[in-house]
Structures are given as C-alpha cells and as structure tokens.
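Below is one structure, written out as structure tokens; the observations come after it.
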2 protein chains.
Amino acid sequence: MSRERVLRAAVRIADEGGIRALTMRRLAEEVGAEAMSLYYHVANKEEVLDGIADAVVEEINDVVGRIDVPSQGAGWKTAVRRRILSAREVLLRHPWAPGVFESRTTMSPAVLRYHDGLVGLMRDGGFSNDLCHHALHALGSRALGFTQELFDPGDAAGGDDASALEGMAAELPHLVGMFMEVAHDDPGSTLGWCDDQTEFEFGLDVILDGLDRLR
Amino acid sequence: MSRERVLRAAVRIADEGGIRALTMRRLAEEVGAEAMSLYYHVANKEEVLDGIADAVVEEINDVVGRIDVPSQGAGWKTAVRRRILSAREVLLRHPWAPGVFESRTTMSPAVLRYHDGLVGLMRDGGFSNDLCHHALHALGSRALGFTQELFDPGDAAGGDDASALEGMAAELPHLVGMFMEVAHDDPGSTLGWCDDQTEFEFGLDVILDGLDRLR
DNA sequence: ACCTGAACACCGTTCAAGT
DNA sequence: ACCTGAACACCGTTCAAGT
C-alpha cells in the first residue's frame, strides 16, 4: 500500500459509485486492508479528497499540455476555448469532481498551474495583467470546464408531460411560455431539452467575446 | 412545534454556526425537543435542507418583488442587474445557502418563481424565448447572486508574504507576474486583494453586455 | 395527535498493541 | 516501518411505546 495506490483506489470508487460511496472503510476494502491502516498513509479523509481533486486536475493538465495551437493576438480566443473545452472533457469522466473542487479550502498546486497556463494564453492575446485578473474571476469555475447548474429549466417540466405545464402557466407565465416555444422549436430533444454542451459553449463564448472586446 | 418553527430554527443554526452545525440533534435542541420528535414534522434531513433553501429564495423573492424600475427596451439590463445584485445581498446574509442550493436535486418552487420574473424582464427587453433560455444557462448560479470561486488567486499568496511568491515564480510565471502587478497597482487591499463584489459585477456585466448585443 | 427512549447501522478517528 | 482490534464520539433514522 502507498499514498499513490490509496488515491488511485479513491478515484476509482468515486468514478464508479459517486462521491458518497467513498468512505474510509470502503476505501480500505478496495485497497485490501483495514480502515485504520489508511491513516498511516494519509492524515485524514480531507487529505484523500485533496488528493483526488489534485489527481483530476493533473489529468486535465496532461491533456491541455498537449494542445498546440497559436495563441498570439486574436488567436488567444481559440486557444483558451480549446483549453477549457478539453478540461471539460476530462471532467465529464469524473462527474464528482466539481463538487469536490468546491469543498476544497486549500488550493491545489495543479489548479494553480492550470490557471497559470490560462493567463499565459491571455497574455499572448495582449491582455493586461489587470484584465487577466478580472477574466479569471469572470470565468470562475467555467475556466475548468464546468458551471453550477442551479436548476435545469427542462428538468422541471421534462419529467411530467405537457399537461403539468398548463397547471403551472398561471404562476409561471414567462417560464412556461419560454419552455413551450423552445420545446416546440426543437421537438427532437425530448430527453433533456437543454443540450448541456451547447449551453456551456454559448455561455463561454459570451464571456470570451466580451473579454476580446476589452483587450 | 411545527414545520415552520423547525425550519426557522434550522436557518438560525446555519446562519450562526455554518451548515455543518446543522444536525438533527442540534436542531431538536434549538427547538426544545428530542431529535426523534423532528420526524413527526419533517420526513428527513433532506426535507429540512429543501426547506431552508426555499426559505432563502422566498426572502430573495420578497426583496426583488419590491423593486420597481422600468424594464422596457434598453431598460432590461438595469432591471436585471438590480434584481441580481439584490439577490446577492440576501445571499451574503446566508453564506451557507449556495452550498445547499447546489446539493438540491428537486427544484424549489421559489427558484422557479425567481427565474420566471427574470425571464419576464428579459422579454420586456425584447429577448426571444430562445435567447431567454440561453441567457438563463449563461448566467447559471450568477442569476441568484453567487458564483463558484474555485480558487481565489489572491488567497494563494496573500497569506504568505512576497518572498513566498518569489519561490513560485519559476513554476507559475504568469500568475505570479499578474499578482505582483495587480497588487502593486492596488497596494491598499492587503487583506484579500480581490474585491469579491467588484469581481462579481465585472463578470455579470460582461454577460449582460453580451446578451444585450444579441437581443 | 404529538412526543420520546432505546436501539441500529453507519460514519471518521484515536490509541495501544501487534508483527 | 507498517498494519490492526477494540473502542469512542458522533451521525441519521426506525420503531415500539408512552401521554
């Protein structure tokens, strides 16, 4: 057993059963030992969570490190866009990762390296350091490829049929009106009428276009 | 005891001691009963969390419901901006709320009502239903007044002194360079060199300006 | 109708003891 | 140096029993 093996086992458990499946006892089982043995290799569960978050961002750094597109001048936008969408691809393989990122208080060195590269691309595009700083905040978690979907307007009514919508129309006229028209325009997407990837890219492009205008 | 009293006590506990202080046993104590009595009024802890999330959004709806600014045509942006910044003010009084929102799977009626109003303002501004839909996704949690701060670039080095930065310069040249220049420009803000409110408004305006151009 | 005591199945973690 | 058994202090929750 080693710290490395423990963390790899932890990632495996979270990938397969979600983050709630990751308990110290389950982790020990996966690694073939008793729960108490883990504490010889990691200080506590928080350190395990720090470790698997870091592992995912390292995976992202590996992927984006192999990207080779020009980032000088106007090319910054394509380069940044590509970087962020690549990070997103990795994240989609570890759906638990955003939640763990958000619960971390200490900062991962890997996250710092990721953002360092991002700033580098923006500098290539002619951003001032001040604008880079604002840009990091404006992107927020979107820089790493995910956004907080507070609620999916589609899920609200998607589960029930159209008749449920009628009942809500009195209380939620604008939302129901919006839903009915968007669903009508795109009747094909019955299951989840919002394409998460499309919406992610729409929001990303709004921000990138806005930043481009400011540089 | 009543469901109402239980939820109010739960909000009080979370406000004072954070969401981790909110346990069923602590909640029972606050309400002057045994833990098991709670289960007569709420099904389980999840329902308590649903309830306090809903209570906060109701508080937001109360506040934004009293806003009265013109939203026709170009006025939409001011109206939406005002609405979102008002929601943010409420959220700042309940710092635990964003975390609870994110953990909800069922959708709160109050959140639906909030977004219904938001769509109403955008329709006043001449948005198509399709653009409203994209806009809701682009804003994401920012619509309710918060963003996921994945990491605060300032916190990274803010704790240590400038010498720690020197050590990181080799590995994080762009980030350290950015930090040194931004900190130099604004030496007053030693404690948290990023003004969260300013950064929130910057990101919000990038998105609102982008949407305005698309309407 | 409303509350409770005792108990269960789970956590993360400590600590003294093993090899 | 590495692992473990027994135990502790906490969870959320059930259920039969009280008033």
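Every chain is numbered from 1, with letters handed out A, B, ... down the list of sequences.
- In summary, B:E30 and B:R26 engage in a salt bridge, as defined by a charged side-chain N under 4.0 Å from a carboxylate O.
- Between the C1' atom of D:dA7 and the CD atom of A:E34 lies a distance of 15 Å, rounded to the nearest Å.
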* To do: Carefully, step by step, assess B:E34 and B:R25 under the rule salt bridge (charged side-chain N to carboxylate O under 4.0 Å, His left out).
  => CA-CA 7 Å; B:E34 297 302 314; B:R25 284 168 169 86; over 6 Å; no
* Nucleotide by nucleotide, 5' to 3', does protein get under 4.0 Å of the base (B), only the sugar-phosphate (S), or neither (-) in nucleotides 12-19 of chain C, counting heavy atoms? -> BBB-----
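- Between B:R20 atom CZ and D:dC11 atom P the separation is 10 Å, expressed in whole Å.
- Comparing C:dG5, C:dC2, D:dC3 by their closest approach to the side chain of B:Y40 singles out C:dC2.
- A cation-pi contact, defined as under 6.0 Å to the ring centre and within 45° of the axis, is absent between B:R88 and B:F146.
- Between B:L175 and A:L136, some side-chain heavy-atom pair lies under the 4.5 Å cut-off.
- In DNA chain C, runs of at least 3 consecutive Watson-Crick or G-U pairs, each pair with both distances below 3.5 Å, span C:4-8 with D:12-16, C:12-16 with D:4-8.
- Of the residues near DNA chain C, A:R26 and B:G32, the one whose nearest nucleotide (by heavy atom distance) lies more toward the 5' end is B:G32.
- Side-chain N/O atoms of B:E59 and B:H94 include a donor and acceptor closer than 3.5 Å.
- Distance NE2 (B:H41) to P (C:dT4): 10 Å, rounded to an integer number of Å.
- For A:E46, the salt bridge (charged side-chain N to carboxylate O under 4.0 Å, His left out) partners at least two apart in sequence or on another chain are A:R104.
- Side-chain contact between A:R3 and A:E47: present, with at least one pair of heavy atoms (C-beta onward) separated by less than 4.5 Å.
- With contacts defined as side-chain heavy-atom distances shorter than 4.5 Å, the pair A:F127/A:L121 does not qualify.
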